> 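Okay, handing you the structure first.
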Amino acid sequence: MDTNKSPEPTQASNFIRNIVAEDIKNNKNSGKVITRFPPEPNGYLHIGHAKSICLNFGLAAEFNGICNLRFDDTNPSKEEQEYVDSIMADVRWLGFDWQERLYFASDYFERLYDFAVQLINSGKAYVCDLSGDEIRQYRGTLTEPGKESPYRNRTVEENLDLFERMRKGEFPDGARVLRAKIDMSSGNINMRDPVMYRIKHEDHQRTGSKWCIYPMYDYAHPLSDSIEGITHSVCTMEYEDHRPLYDWFLEQLDICRTQQIEFARLNITYTVLSKRKLLKLVSENFVSGWDDPRMPTIAGMRRRGYPPAAIRNFCDRIGVGKRDSMVDMALLEFCVREDLNKTALRVMSVLKPLKVVITNYPEGQYDELDAVNNPEDSSAGTRKVPFSRELYIEQDDFMEEPPKQFFRLAPGREVRLRYAYFIKCESVVKDSAGNIVEIHCTYDPATRGGDAPDGRKVKATLHWVSAAHALDAEVRLYDTLFAKEAPDDIEEGMEFTENLNPKSLEKNIAKVEPSLKSAQPGAQYQFERLGYFCVDSFDSKTGHPVFNRIVTLKDEWAKIQKTAKK
RNA sequence: UGGGGAGUCGUACAAUGGCAGUACGGCAGACUCUGGAUCUGCUUAUAGGGGUUCGAAUCCUCUCUCCCCAGCCA
């Protein structure tokens, strides 16, 4: 009975929550709240679904109700078991629990058929022999009313007979359909005798070859909701036009009424959130798969290293409304950093190594220094990091001719190596082409641990690794999948894929501190001063570690450079 | 041009006839052994006109703009 598996119950006010609270106050539905998350198993879940999942499970949790997981599997040509499995895994990973309430619309096929017979008997449904093209023609247009089908006034007996024979498989695909008899002149096209059943001689992933007629969404959905006693059927705005039809079926059948409430679907900058487009990215190999870490899918975000709590938090913060909106990716990234800042262990890694030789440090000697694992969590403890004569620092941390705002290492300048010593740049070694190959520094032994006894200050602290002790690791630096804030904003005749970001993935070999040798798949770390990284669950192997960049740290210097360029 | 829906800081969401608020972003500063985190301050909004009211983002009215609908998809 309890779906309180969802942490941080939603407190933010939104119009749906207000409706539910009001219904409870008025003792509507005897004060019960039953919601459902109804995915079609024809693709992977994405962050837009996460919004719906958080809303539906969150509502149930907050108002002491329940939330069902129901697969809307009414179209065997598009649906697959693979998707059922991934969807369940994703919902669980997000932190929600439907307990024993796992349902399928296909479980209701027999009852749906009986209800259809009932509608035929009451003269509210008929078998129509028009072809697909003809049905479209008869439907009229947005501005012109439709025409009634010549088959509209068949007798109940004939309809019953034909519908039964449809089920028995006597007719080929497309030969006939069952239609609701409503109003061909309605301004709402959904009410112009919508199709309820179509013939598809196709096996269903759950019912096998039992059926060759399958119900349409508009018919199956309200009845499935009603069968489960759903009190609040929450869906996205494009179904608003379908609500009169949704209500019509429940009214004609005089069964348990449930209230459909629509909200605006989520859009996020620099990505797309439509199954069709995501499927295209996968099937045409623009990405490596549904779980490519650049994808806005739950599987992609999980592999990227986004914590589920961060996603839940994001869904709470974006709120729920009815207007078209585009949420800033920066908010999602903020939520990810906020979570990881509290939990991720700090380590030092150098993405683009520049060799540093400490000329006054004895050759062959090494030392171990104490480093804090997480300044936000003292219980995370400390670790030892090796220090020696030859080190690597980040190429970006050295400039031969630094501009005013550059605080890092430069000729003649002293900086701190984190947890180690103050070092001073004495000279720069270049190759014949003039490229900097290494820099020579001296260190001050008195500053061991990172503090100067004489109280002198440095303006920068750099991360580093000991050259002899560092491990090589592949790092995958991800940027937004699309280069354009609104990827769908395209010129006539162009494809959204033209807006793909060619620099969305950059791979290179980094030098990482030796403590990372035992890093487990999925483990998240903060590479100090660089960002949060996650051990890739699929490609990372002992001897060949792979780290995905989850998100960068906020970077003041990058911002200064960016504004300077403009 | 039929039907449905939506317009509040840059973005997203509140305020349901009574001081337009919160978060992210941006800007400025403090602090800092991460140019991280943290802290402080600032910035900017009710699509437009008319009306009702002591008082309107909210109610009425006209206008404008944007989104969705013509699958035997969901």
Side-chain angles (χ1 to χ4, degrees), chain A residues 12-15 18 38-40 42 72 74-75 77-79 128 130-132 135-137 139-146 173-179 185-192 194-200 213-214 216-218 220-221 235-244 262 264 266 269 275-276 314 317-335 337-338 341-342 346 348 371-372 375-376 405-408 416-420 422 449-451 457-463 526-531 552-560:
Chain A
S13 170
N14 69 61
F15 78 97
N18 294 346
E40 183 191 12
N42 69 341
D72 226 328
T74 56
N75 185 355
S77 9
K78 291 186 168 184
E79 297 153 6
C128 180
L130 254 25
S131 70
I135 286 186
R136 192 178 320 121
Q137 280 158 22
R139 187 154 36 222
T141 68
L142 292 179
T143 51
E144 302 158 38
D173 286 8
R176 295 180 219 266
V177 291
L178 183 72
R179 292 228 250 171
S185 65
S186 173
N188 182 346
I189 290 176
N190 296 121
M191 301 300 271
R192 319 237 262 230
V195 173
M196 293 166 58
Y197 272 91
R198 74 288 216 185
I199 301 171
K200 268 178 190 282
I213 56 171
Y214 292 96
M216 300 287 290
Y217 166 87
D218 278 320
H221 203 84
C235 62
T236 45
M237 292 301 290
E238 66 267 26
Y239 293 106
E240 193 149 28
D241 281 348
H242 297 243
R243 184 162 16 106
E262 309 85 11
L266 174 64
T269 54
K275 272 193 205 173
R276 201 205 103 233
F314 171 76
R317 287 181 196 237
I318 55 176
V320 182
K322 287 170 79 102
R323 55 173 137 157
D324 287 344
S325 61
M326 176 84 83
V327 175
D328 198 333
M329 177 67 93
L331 179 60
L332 214 208
E333 296 192 334
F334 170 84
C335 292
R337 289 191 192 103
E338 181 183 50
N341 176 50
K342 289 179 291 190
R346 271 59 168 174
M348 291 197 285
V372 173
E376 303 291 325
Q405 296 178 90
F406 185 84
F407 304 152
R408 281 106 93 142
R416 171 170 39 232
L417 292 181
R418 186 131 159 102
Y419 300 125
F422 284 13
D451 283 307
K457 300 282 185 205
V458 288
K459 289 190 82 175
T461 298
L462 309 187
H463 60 277
Q526 184 195 102
F527 289 4
E528 293 214 34
R529 303 208 306 134
L530 297 171
T552 60
L553 247 25
K554 280 208 328 205
D555 189 344
E556 200 66 31
W557 171 238
K559 204 188 282 179
I560 291 166

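Every value quoted in this text rests on a predicted model; they were computed, and no experiment measured them. Heavy-atom basis, side chains included; hydrogens, waters and symmetry copies ignored. First the proteins, then the strands, lettered A, B, ... as listed; each starts at 1.
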> Counting the atoms with a prime plus P, OP1 and OP2 as sugar-phosphate, which does A:Leu462 contact under 4.0 Å by heavy atoms, base, sugar-phosphate, or nothing?
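No contact at all - A:Leu462 keeps every heavy atom at 4.0 Å or more from the nucleic acid.
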
> Classify A:Arg416 by what it touches in the nucleic acid, base, sugar-phosphate, or nothing, heavy-atom distance under 4.0 Å.
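Contact class for A:Arg416: base.
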
> Using the test ring pair (Phe, Tyr, Trp, His ring centres under 6.0 Å), find all partners of A:Tyr197 that sit at least two apart in sequence or belong to another chain.
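So A:Tyr197 forms a ring pair (Phe, Tyr, Trp, His ring centres under 6.0 Å) with A:Phe163, A:Tyr219.
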
> Return the polar atom pairs (N/O with N/O) between nucleotides 56-59 of chain B and the protein under 3.5 Å, or none.
none

> CD of A:Gln137 versus P of B:rC72: gap in Å, rounded?
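Taking CD of A:Gln137 and P of B:rC72, I get 13 Å after rounding.
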
> Indicate, with a heavy-atom threshold strictly under 4.0 Å, whether A:Val372 touches base, sugar-phosphate, or nothing.
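Result for A:Val372 = nothing.
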
> Scan A:Glu262 against the nucleic acid and name what it touches under 4.0 Å (heavy atoms): base, sugar-phosphate only, or nothing.
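Touches nothing.
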
> Quick one: are A:Glu40 and A:Lys275 in side-chain contact, heavy atoms under 4.5 Å?
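Answer yes - side chains close enough.
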
> Tell me if a side-chain donor or acceptor on A:Asn18 pairs with a main-chain N or O of A:Ser13 at a distance below 3.5 Å.
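Between the backbone of A:Ser13 and the side chain of A:Asn18 there is no qualifying donor-acceptor contact (under 3.5 Å).
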
> So, under a plain 3.5 Å distance rule, would you say the side chain of A:Arg408 forms a donor-acceptor pair with the base of B:rG35?
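Pair found.
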
> Contact class for A:Tyr239 (heavy atom, under 4.0 Å): base, sugar-phosphate, or nothing?
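If one applies the 4.0 Å heavy-atom cut-off, A:Tyr239 turns out to touch a base.
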
> Would you classify A:Met326 as touching base, sugar-phosphate or nothing, given that sugar-phosphate means primed atoms plus P, OP1 and OP2, and contacts are heavy atoms under 4.0 Å?
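Sugar-phosphate contact only.
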
> Contact class for A:Leu142 vs. all strands (heavy atom < 4.0 Å): base, sugar-phosphate, or nothing?
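Base contact - A:Leu142 has a heavy atom under 4.0 Å of at least one base atom.
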
> Check whether the side chain of A:Glu376 and the base of B:rG36 form a donor-acceptor pair under 3.5 Å.
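By the distance-only test, yes, there is a pair.
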
> Going by side chain to side chain contact (heavy atoms under 4.5 Å, CB included), name the residues that satisfy it together with A:Leu530, two or more places apart in sequence or in a different chain.
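Counting only residues at least two positions away or on another chain, A:Leu530 forms a side chain to side chain contact (heavy atoms under 4.5 Å, CB included) with A:Leu351, A:Glu394, A:His463, A:Phe527, A:Phe533.
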
> Should the pair A:Arg243-A:Glu262 be classified as a salt bridge under the 4.0 Å nitrogen-to-oxygen rule?
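A salt bridge links A:Arg243 with A:Glu262.
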
> Under 4.0 Å between any heavy atoms, over every strand shown, what does A:Arg346 touch: base, sugar-phosphate, or nothing? Just pick one.
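Touches a base.
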
> Any donor-acceptor pair under 3.5 Å joining the side chain of A:Asp241 to the base of B:rG3?
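It does, because a donor-acceptor pair links the side chain of A:Asp241 to the base of B:rG3 below 3.5 Å.
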
> Looking at side-chain heavy atoms only, is the closest gap between A:Leu331 and A:Ile318 below 4.5 Å?
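In contact.
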
> Could you please name the option among B:rG25, B:rC73, B:rG2 that lies closest to any side-chain atom of A:Lys200?
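That would be B:rC73.
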
> With a 4.0 Å cut-off on heavy atoms, is A:Phe407 in touch with a base, just the backbone sugar-phosphate, or nothing at all?
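Base, at least one base atom sits under 4.0 Å.
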
> Which ranges of RNA chain B pair up as stems, where a stem means three or more consecutive Watson-Crick or G-U pairs with both distances under 3.5 Å?
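Detected stem regions: B:2-7 with B:64-69, B:10-13 with B:21-24, B:26-30 with B:38-42, B:47-51 with B:59-63.
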
> Which is true for A:Glu528 with a 4.0 Å heavy-atom rule: it touches a base, it touches only sugar-phosphate, or it touches nothing?
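Contact class for A:Glu528: base.
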
> A:Lys459 versus A:Lys457: any side-chain heavy-atom pair under 4.5 Å?
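A side-chain contact under 4.5 Å is absent here.
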
> NA contact type, A:Phe15, heavy-atom cut-off 4.0 Å: base, sugar-phosphate, or nothing?
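Result for A:Phe15 = sugar-phosphate.
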
> Applying salt bridge (Lys or Arg N to Asp or Glu O under 4.0 Å), can you list everything that pairs with A:Glu238, at least two apart in sequence or on another chain?
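If we apply the salt bridge (Lys or Arg N to Asp or Glu O under 4.0 Å) test to A:Glu238, skipping adjacent residues, the hits are A:Arg265.
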
> Mind telling me whether B:rG10 is syn or anti, cutoff 90° either side of 0?
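The base of B:rG10 is oriented anti (glycosidic angle more than 90° from 0).
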
> When we call it a touch if two heavy atoms are under 4.0 Å apart, what does A:Ser325 touch: a base, just sugar-phosphate, or nothing?
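Since only primed, P, OP1 and OP2 atoms lie under 4.0 Å of A:Ser325, the category is sugar-phosphate.
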
> Check every strand shown and say whether A:His463 touches a base, only sugar-phosphate, or nothing at a heavy-atom separation below 4.0 Å.
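Counting heavy atoms under 4.0 Å across all strands, no contact is made by A:His463.
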
> Which residues pass the salt bridge (Lys or Arg N to Asp or Glu O under 4.0 Å) test with A:Arg346, sequence neighbours left out?
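Applying salt bridge (Lys or Arg N to Asp or Glu O under 4.0 Å) to A:Arg346 gives none.
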
